[in-house]
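This report concerns only the one structure given below.
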There are 2 protein chains.
Amino acid sequence: MTTNDDTLTIQQVAETIGLSVHTLRYYERIGLIHPINRAANTHRRYTQDDVGWLDFLNKLRATGMSIRQMQAYAQLQRQGDATLPERIEMLKVHRRDVEAHMDVLREFLKLIHYKIDYYEGLLAEAESEAVLEGS
Amino acid sequence: MTTNDDTLTIQQVAETIGLSVHTLRYYERIGLIHPINRAANTHRRYTQDDVGWLDFLNKLRATGMSIRQMQAYAQLQRQGDATLPERIEMLKVHRRDVEAHMDVLREFLKLIHYKIDYYEGLLAEAESEAVLEGS
DNA sequence: ACTTGACTTAGAGTGTACTCTAAGTTGTAG
DNA sequence: CTACAACTTAGAGTACACTCTAAGTCAAGT
C-alpha cells in the first residue's frame, strides 16, 4: 500500500483520530463530512483538512453535541462564509451547554467528596471497634 | 389526594427530582431502588429516604455513570455496611472518570475559545471591507 | 495462479435508556 | 351515579449512535 502523497486511508484516519472505519463511513453517509475523494481503486483518501474536520467533529461529540446538531453545523460549514455568524452562535450555545455541564460535574465532585469522607469515617470507626473487641 | 404523612406520590417525586413517572417505575423494575411501599390502594408512597436515594442515582446518571454500574452500586448498598469498602472504591473510580471528563471539557473550551475568536476576527474583517466598499 | 488483506456497498442488527400503550382499578368531586 | 384524574401492570415501541454482515472488487506478494 503506497500512499505516497499526504493523504490517508480510512484505516489510518481511524487510528489517528480514534473513530472506527465504520463510524467514518457512517459520518460521511449522514453528511457530517463531504464525500471523500477517491483513489483510482475507489478507496477513500483523506486529506489533512478532512482529518482536521473529523477531529473537530469528534471533539463536539465528546463534549455532548448530538449528531443532529453536528449535521446542522456541517451543513452551514459547507455553505461557506455567509453562515459564519450562525456557526459562531452555535458554538457559543454549545459552549454555554458545556459550561453548564461542568457546573453539574463540579457540584457532583463536591458531593462525592463529602460522601467518601463520611463513608471512610464510618469505616475507620468500625475498624477501631474491631480492634477494641480483639484486645 | 390527601397524602397526610411525609410520603410522596410517584407524581410528586417525579416533579421534585426531575425524573418521569415512567422512569421511576423503570428504576424500581430494574432494581435501582427497592420495591416502594404501597398505600392501601396499591399506589406507591415514597419516603424522604427513597427520594434522597433517587436524587443520588440521578446525580450518578447526570455525571455519566451507566445503569449497569448503578445497579451494581444499588445491590451493594442493599447488602449493608459490609460492602462499604467496595462502594467507596466505586465512588472513587467514578470520581476519577468524572475528573477525566472535566479535563476533556476544559480542553474543548480552550479550543472553542480560540475558534470563536478566529471566526469573529474573520467576521470583523469582512465587515470593515464592506464599509470600505460602501464608501 | 492464488491467497491475503484492505477496501467497497446497502442494509440489517445492537445496546442503552428510556418512553409509551392498553387495559384496568381506585378515590374524590359534582 | 357518573365523570375524572391518578394510579397500576406487562409488555411493546422509540431514539440515538453506532456496529456489523454479506457479497464483492482490487492490488500486492509468493
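Each chain gets a letter, A, B and so on, in the order its sequence line appears, and its residues count up from 1.
- The shortest side-chain heavy-atom distance between A:Q11 and A:V21 falls under the 4.5 Å cut-off.
- Distance, A:I30 CD1 to C:dG11 C1': 16 Å, rounded to whole Å.
- To the nearest angstrom, P of D:dA17 lies 13 Å from CG of A:L60.
- Counting any heavy atom pair closer than 4.0 Å across all strands shown, A:R25 reaches a base atom.
- Of the inter-residue distances, the one linking A:R95 atom CZ with A:I88 atom CD1 reads 10.5 Å to the nearest 0.5 angstrom.
- For A:I67, whose side chain is taken as the heavy atoms from C-beta onward, the closest listed nucleotide among C:dT9, D:dT8, D:dC18 is D:dC18.
- Rounded to whole angstrom, the span from the CD atom of A:Q11 across to the P atom of D:dC26 amounts to 21 Å.
- Among the heavy atoms of the strands, none lies under 4.0 Å from A:S20.
- Counting to the nearest Å, the C1' atom of D:dC7 and the NE2 atom of B:H22 are 12 Å from each other.
- The shortest distance between the side-chain N/O atoms of A:T9 and the OP1/OP2 oxygens of C:dC7 is below 4.0 Å.
- For B:I36 and D:dC7, the CD1 to P distance is 14 Å, given to the nearest whole Å.
- The phosphate of D:dT8 (OP1 or OP2) has a side-chain N or O of B:R44 nearer than 4.0 angstrom.
- When distances run from any side-chain atom of A:R29 to the nucleotides D:dA17, C:dT19, D:dT19, the shortest one goes to D:dT19.
- The side chain of A:Y27 has D:dC18 as its nearest neighbour among D:dT8, D:dC18, C:dC7.
- Taking the nucleotide of DNA chain D with the nearest heavy atom to each of A:T23 and A:H43, the more 5' of the two is matched to A:T23.
- In this entry the distance linking CG of A:L24 with P of C:dT8 reads 10 Å, nearest Å.
- D:dA27 atom C1' lies 11 Å from atom CZ of A:R45, rounded to whole Å.
- In the set D:dC18, C:dT8, D:dT8, the nucleotide with an atom closest to the side chain of A:R38 is C:dT8.
- Among the nucleotides C:dC7, D:dT8, C:dC18, the one closest to the side chain of B:I10 is D:dT8.
- Ring-plane geometry between A:Y73 and A:W53 is classed as parallel, the angle between the planes falling under 30 degrees on a 0 to 90 degree scale with a further cut at 60.
- The nearest whole Å value for the distance from the CG atom in B:L32 to the P atom in C:dT16 is 14 Å.
- Phosphate proximity of D:dC18 to A:R61: present, with a side-chain N or O under 4.0 Å from OP1 or OP2.
- For the residue pair A:T42/A:R38, the side-chain donor-acceptor check at 3.5 Å is not satisfied.
- Among the candidates A:I30, A:N58, A:L32, the single residue satisfying the side chain to side chain contact (heavy atoms under 4.5 Å, CB included) test with A:M70 is A:L32.
- Here the side chain of B:N41 is nearest to one of D:dC20, C:dT26, D:dA17, namely C:dT26.
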